[in-house]
Amino acid sequence: MYVPRITSMDTLYRPAGVEERWQRTWEEEGLYNAEPDPDRESFVIAHPPPNVTGELHMGHALQLALADALVRWKRMQGFNALFQPGYDHAGISTQNAVEKDLAREGKTRHDLGREAFEERVWEWLRLYGRTIMTQFRRMGASLDYRRERFTMDDDYVRAVMRWFVHLHGKGYIYRANRIINWCPFHETALSDLELVHQELDDELVYVRYPFVEGEGHVTIATARPATILADVAVAVHPDDERYATLVGKEVLVPYVERRVPVIADERVEIDFGTGALKVTPGHDPLDFEIGRAHKLPEPMVIGPDGRMNDGAGDLAGLTQEEASARILAWLEERGQLEKREPYRHAVALCERCESRIEPLISLQWWCSMEELKKPALDALRERRVRYHPEAQHRFAIDSLENAPDWNISRQLWWGHQLPVWYCPDGHTTVAETEPDACAECGSKELKREEDVLDTWFSSALWPFATLGWPDDTPDLRAFYPGDLNTTAREIIRLWENRMIFSGLEVMGEVPFTDVIIHSTVLAPDGRRMSKSLGTGIDPLDVIEEHGADATRYGLLKMSSTQDVRFSFGAVEEGRKLANKLWNLSRLLLQAAGEGVKPEIRPSAIEERWILARIDRVRSEVEEDFAAFRFSHAAQALYHVTFDDFCDWYAEAIKPRLYAGDADAGATALAALERLLGLLHPVMPHVTEEIWTNLPERETRLIVAPWPEPDEAYAEADSLQRVQDAAAIFRRSGVLVALEGDEKRIFDAVVRPERVQANGNAGAEIERLRKEIERAERMLANDNFVQNAAPEVVEAEREKLARYRRELDALEPSLD
RNA sequence: GGGCGGUUAGCUCAGUUGGGAGAGCGCCGGCUCGACAAGCCGGAGGUCACUGGUUCGAGCCCAGUACCGCCCACCA
């Protein structure tokens, strides 16, 4: 492949063509690939599979920037790094997209029928799906793209079936009639986690329920008058003195004139409305609980289409609004409508279509969490899996402790159909593949359950199903358990915790040891990034304008706290850094001259100094990466490049470079080499591009060894003197060389002429003198030293005295 | 309603065991010197949200208050 010489190129680094070229090259040369290798330790990140219909958004970009930096770092350190890509079929989300598409033709999925609809989804995916992996590549994400997996692949489906049968065999999966969240548009059950809540303007109506015996009534408040028809009780709080005498009496439900009891239940809020609650177990989750506790009947008046059903008698077939109007009119006539008031409250909506959720009772499949969660909780408590930051670890544990049984069935057409078959006698057969006959009666007339599984039921298997489970494959042995996962906060309960208990259940080991819960990237104005608000920023636009390296750097730089505003400044800083590196390498390559090879041959203090600085940043970056402090690492890399390498070291050696000093040239290239290595995980493209232009490159930087620790230069005598001069005394006898001061001290000691030129030598010395005097004052303060060991205090006094002598010795040389 | 995060320079934000208030961008002044003017050198600019506490000493630790925000949530 043609690689232009850097010295002949533009003074402005243009990432556009360069980045795509390297992305292609790395992939074509197989440098992203991972194969089982008994001689090397593995490092594995199973990247969260995006929706198969998805497009790259800022969350993905951040996730990739973080994870890929770690993967590249580990790869350079010699780990057998596997970064696993793939797609999630994303049941309801994909089905919704295709249904919208159908709607443009004036059709619904029912017009096609199930089989044709599924065909339509596959066809749609061929046209519009699976584009996001191209966008992942554009980020420079070093995923092993050969290993792309899809949760609807035949092998993956087999894993899902095995998982279901396994759980069923252990008795964790059962079928039950319970209240669930029903989406009337998709006509499916949804889990609590698939809802969004939105503040909507409603009306709260106060309705009188007359006593069956005697005069009077009890007034309840409701936002859904249509559900009055399904009332089976009125409930009050047991401590509510207003209603103490009412408990046990009976009242008449309006319109249907049904006699129902007044009961006491602690779940009733005394302070809301009138403090009396109409109990409708068929259409409200709280009422359902109360109903079951009191063994009340569970009539339903609203059907799966959201309209009044046959249970609603003469109102059957009406919409809820129509039914409400009829009921309110009925109440009005009889003086049972006490008042109506505007009411703004949070309403549950389907997160995909924003239809109002209908709570209703439905026969669904459930997965008991009771036993499954135990080993996962142990793992979390023993910190065999750690969420970062720490607050999210506590949240993960709390969530799992309180995880209710999991509704795993969905009445959708796109997804994994449950491996359950029914015979005409109502027997149930559960099997991985279609059975020949009913397991109980041998009937050949089997009909498969129509429901599909919750998308997350299959995603939970991602870390091992992508490696071949349920088969015992070399990949599975080599790459399970993995190391790390990165995700957004709201995914903890949906996915992360479920991968942990699934991994423990079938593999016996946690799927990873660390979970990074990354920042939420908000729009620059602090609002949420969203298409509907128009606040979204397309990462691909940012990449196009500034480059993937700059985008990666910027995202890392800005990802410090839980919520961060997108900062173009941070991206521009990254672009500046790339440009700076580019021009630095032009300088060094030109000035070092032809034939000079990178080699450490330091002869001057500034050379030992820059090597020591680079080595210190190496260890800093290692600590930062290991602790997932990406923002800090980015900052350290920026400063060592700009301030230390370019502004100081490069300026200092320029005269020697131009004079043809081969040692200076060789050392400078060697120092640059190390710097490029440190920067590669964050800015892979520009560093690889420069690396290629260095003489005698045998390997790509992506697989070059991470710079080794280099104690020799860190301990150089002259450097030590610089450090000592900058050291100040801090509490408990800790001596610290102040980072920021070091350069200025270096100035004072090594390049006094420059300091004097700026007229600051006196000021620097004055600063140092003040530091020392402050330390002396502290040492003289009895309150300060009382808790310190006497020998420590004495040692510090001696050090301080030495610094004062050094300072005094330094001063004359600067005059 | 619950959980969590934030509040430091005009803007976006660092500040890792308590002792120097910082960076990038913007602004002002100088440099038109052979990597980069998308550069270099220098400078101005801050009651570290507020109140109280601990301490010789608090941006940092403790208690509380206010505001902003994210996630979650069954007050009908």
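Naming: A, B, ... by sequence-line order, numbering from 1 per chain. The shown structure was predicted, so the numbers you read here are calculated from the model rather than taken from an experiment.
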*Which part of the nucleic acid, if any, lies within contact of S560(A), taking any heavy atom under 4.0 Å across all strands shown: a base, the sugar-phosphate backbone alone, or nothing?*
sugar-phosphate
Rounded distance in Å - [atom1] ([X]) to [atom2] ([N]):
X	N	atom1	atom2	answer
Q635(A)	rU16(B)	CD	P	11 Å
W648(A)	rG39(B)	CH2	C1'	16 Å
R629(A)	rU17(B)	CZ	C1'	12 Å
N579(A)	rC36(B)	CG	P	10 Å
H639(A)	rG15(B)	NE2	P	12 Å
K557(A)	rU12(B)	NZ	P	14 Å
H632(A)	rA23(B)	NE2	C1'	12 Å
N402(A)	rG2(B)	CG	P	16 Å

*Near RNA chain B, which residues from residues 565-578 of chain A have a heavy atom under 4.0 Å away?*
R565(A), S567(A), E573(A), R575(A), K576(A)
Nearest-angstrom distance, [atom1] atom, [N] to [M]:
N	M	atom1	value
rG45(B)	rG22(B)	C1'	13 Å
rG43(B)	rG6(B)	P	32 Å
rG69(B)	rA76(B)	P	23 Å
rG57(B)	rG42(B)	C1'	33 Å
rC41(B)	rA37(B)	P	15 Å
rC50(B)	rA58(B)	C1'	15 Å
rA49(B)	rU12(B)	P	15 Å
rG10(B)	rG46(B)	P	7 Å

*Within a radius of less than 6.0 Å around CD of E545(A), do more than 12 heavy atoms belonging to other residues, nucleotides or ligands occur?*
no
pair [X]-[Y]: side-chain heavy atoms closer than 4.5 Å:
X	Y	value
H518(A)	R489(A)	no
S559(A)	L555(A)	no
V564(A)	F566(A)	no

*Verify whether one side chain among H237(A) and D265(A) offers a donor that lies under 3.5 Å from an acceptor in the other.*
no
*Going by atom types only, do H639(A) and D644(A) share a side-chain donor-acceptor pair under 3.5 Å?*
no
_Residue pair Y638(A), D643(A): steps toward the side chain to side chain donor-acceptor pair (under 3.5 Å) verdict_ = CA-CA 8 Å; Y638(A) 183 90; D643(A) 302 346; over 6 Å; no
For [N], what is the paired nucleotide under Watson-Crick or G-U wobble rules, both distances under 3.5 Å?
N	value
rG2(B)	rC71(B)
rA58(B)	none
rA44(B)	none
rG64(B)	rC50(B)
rC13(B)	rG22(B)
rA38(B)	none

*Pick out which of I228(A), L328(A), L331(A) makes a side-chain contact (heavy atoms from CB on, under 4.5 Å) with V205(A).*
L328(A)
*How does protein reach along nucleotides 69-76 of chain B, written 5' to 3' as B (base within reach of a heavy atom under 4.0 Å), S (only sugar-phosphate), or - (no contact)?*
BBSSSBBB
*Please assess E341(A) against Y206(A) for the test side chain to side chain donor-acceptor pair (under 3.5 Å), listing each intermediate value before the final yes or no.*
CA-CA 8 Å; E341(A) 59 188 30; Y206(A) 291 73; 2.9 Å; yes
*Output field: ring centroids H217(A)/Y209(A) closer than 6.0 Å*: no
*Applying salt bridge (Lys or Arg N to Asp or Glu O under 4.0 Å), run through K576(A) and E573(A) and close with a yes or a no.*
CA-CA 5 Å; K576(A) 267 181 54 179; E573(A) 196 175 300; over 6 Å; no
